[in-house]
Amino acid sequence: MKIYKVGGAVRDRLLGLPVADIDWVVVGASAEAMLALGYRPVGADFPVFLHPDTGAEYALARTERKSGRGYGGFVFHASPDVTLEDDLRRRDLTINAMAEDDDGHVIDPYGGQADLEQRWLRHVSPAFAEDPLRVLRVARFAARYAPLGFRVAPQTLELMQQLSESGELEALTPERSWKEISRALLEATPEVFFDTLEACGALEVLFAEFSALPKPLRKLSLQALHQAAAEEHPLAVRWSALLLHLNSQAVAALSARFKVPRDCQELAQLAAEYHTQAEHAREMDPEALLQLLQAFDVYRRPQRFEGFLHACEMAARAEGRPSWPEGAYLHGAAAAARAVPVKPLVDAGYTGQALGDALKQARLAALTKLL
Ligand code: ATP
Ligand code: MG
């Protein structure tokens with residue numbers, strides 16, 4: 001049996017990038033042999049094992065055959081006679097289909113090194129079209145490596161187009177999709193992910209609500225997303241910056257489609273609903289201002305409100321405004337409302353509705369001082 005480093009670890013080492021996690025492929029071994037060596041099986045019918053000491057993933061070399069719709073519809077064949085070349089052939093991109101042996105010798109049957117040099121994201125074989133997840137993966141790699149000059153090969157884009165038109169994208173599970181989307185959003189140039197999806201027709205399938213925005217608004221949104229990445233804002237701010245110009249029903253529909261985590265979903269929905277108000281913050285009377293702060297529950301969720309302000313600020317930057325003074329103003333207003341102490345009112349004997357009213361008056365007074 002022989003063990004090789006494969007996939008991202010080989011690719012990123014050749015690119016001179018740091019390698020986070022290493023995937024290994026094992027050729028010439030059976031599941032029984034792996035178990036006898038102390039490897040722990042990962043899944044019942046999936047030939048992947050964890051190293052007894054390091055916990056790293058070791059997969060038996062395998063081939064795949066499509067057997068149904070969507071991501072789950074594959075039959076795996078893993079046995080000691082599956083070669084390294086066989087295993088590499090089932091991979092998505094040539095730059096992901098290289099292996100490296102113990103001596104650092106690169107095994108590259110599909111031209112991965114040439115494509116690395118020429119900056120092509122290119123499919124390995126026509127079997128690429130068997131897995132719709134690859135549309136999202138390629139778009140994600142495009143977002144990650146665009147700063148290095150990578151782009152999708154025209155023939156690969158064609159296969160992505162076919163997949164988008166085939167209805168297969170709808171068969172992806174929300175979890176698999178969101179995993180790719182969220183990873184793409186966290187890249188340095190996440191707008192390239194959406195540009196790539198648009199170029200292959202996947203945007204209108206997966207992000208119909210976003211795709212329906214007029215082109216100038218779409219461009220502004222992607223620019224805001226780019227800005228959010230440039231300033232290293234967290235996932236929820238990026239997701240919100242992207243969806244700021246949708247209405248809140250559209251945000252809800254998108255969030256449900258991908259089972260988006262609660263923090264991202266909440267912030268995006270609030271941001272879509274309230275960003276126009278935030279733009280006029282400095283013209284608001286204390287009553288309206290307090291209502292805005294209440295909508296965000298700034299007392300218990302101060303960070304969420306900060307995320308909102310960042311999303312709005314990214315949108316303002318996208319429009320070419322160098323600064324967004326409303327941000328500091330609203331930040332100050334939230335701080336003032338939050339600083340109103342409850343205890344003196346309780347000590348003074350206020351309870352229930354009366355306490356709520358007194359607290360509101362005290363907060364309004366605090367906001368009035370700001371104006
Ligand atoms: P990352 O740096 O994002 O981890 P990676 O290339 O290591 O990139 P993984 O998702 O860890 O990506 O997958 C490891 C390898 O498995 C890939 O390099 C690719 O060869 C193969 N692979 C993973 N998912 C697919 C897929 N859906 N279709 C084809 N090949 C895949
Ligand atoms: Mg990996």
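In listed order, ligands and their atoms are each counted from 1. Worth knowing before you read on, the calculation uses all heavy atoms, side chains too, and leaves out hydrogens, waters and symmetry mates.
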Before accepting this row, confirm whether a basic side-chain N of the pair [X]/[Y] lies closer than 4.0 Å to the acidic partner's carboxylate O.
X	Y	result
Lys219	Glu191	no
Arg321	Glu313	no
Glu306	Arg301	no
Asp87	Arg91	yes
Lys179	Glu175	no

Contacting atoms of ligand 1, where contact means under 4.0 angstrom from a heavy atom of [X]:
X	answer
Arg11	1 (P), 2 (O), 5 (P), 6 (O), 8 (O)
Phe141	6 (O), 8 (O)
Arg183	1 (P), 3 (O), 4 (O)
Arg90	29 (C)
Gly7	18 (O)
Gly8	5 (P), 6 (O), 7 (O), 18 (O)
Arg134	26 (C), 28 (N), 29 (C)
Asp23	7 (O), 11 (O), 14 (C)

Whether Phe194 and Phe210 hold their rings parallel, tilted or perpendicular, with breakpoints at 30° and 60°
tilted
Region of [X] that comes within reach of ligand 1 [heavy atoms, distance under 4.0 Å]:
X	answer
Arg144	side chain
Asp131	side chain
Asn96	both

For this output row, return yes or no: ring centroids of Tyr58 and Tyr4 closer than 6.0 angstrom.
no
Does NZ or CZ of Arg122 come closer than 6.0 Å to the centre of the six-membered ring of Tyr110, within 45° of the ring's axis?
no
Between Arg140, Glu130, Arg137, flag the one that comes closest to atom 22 (N) of ligand 1 by a heavy atom.
Arg137
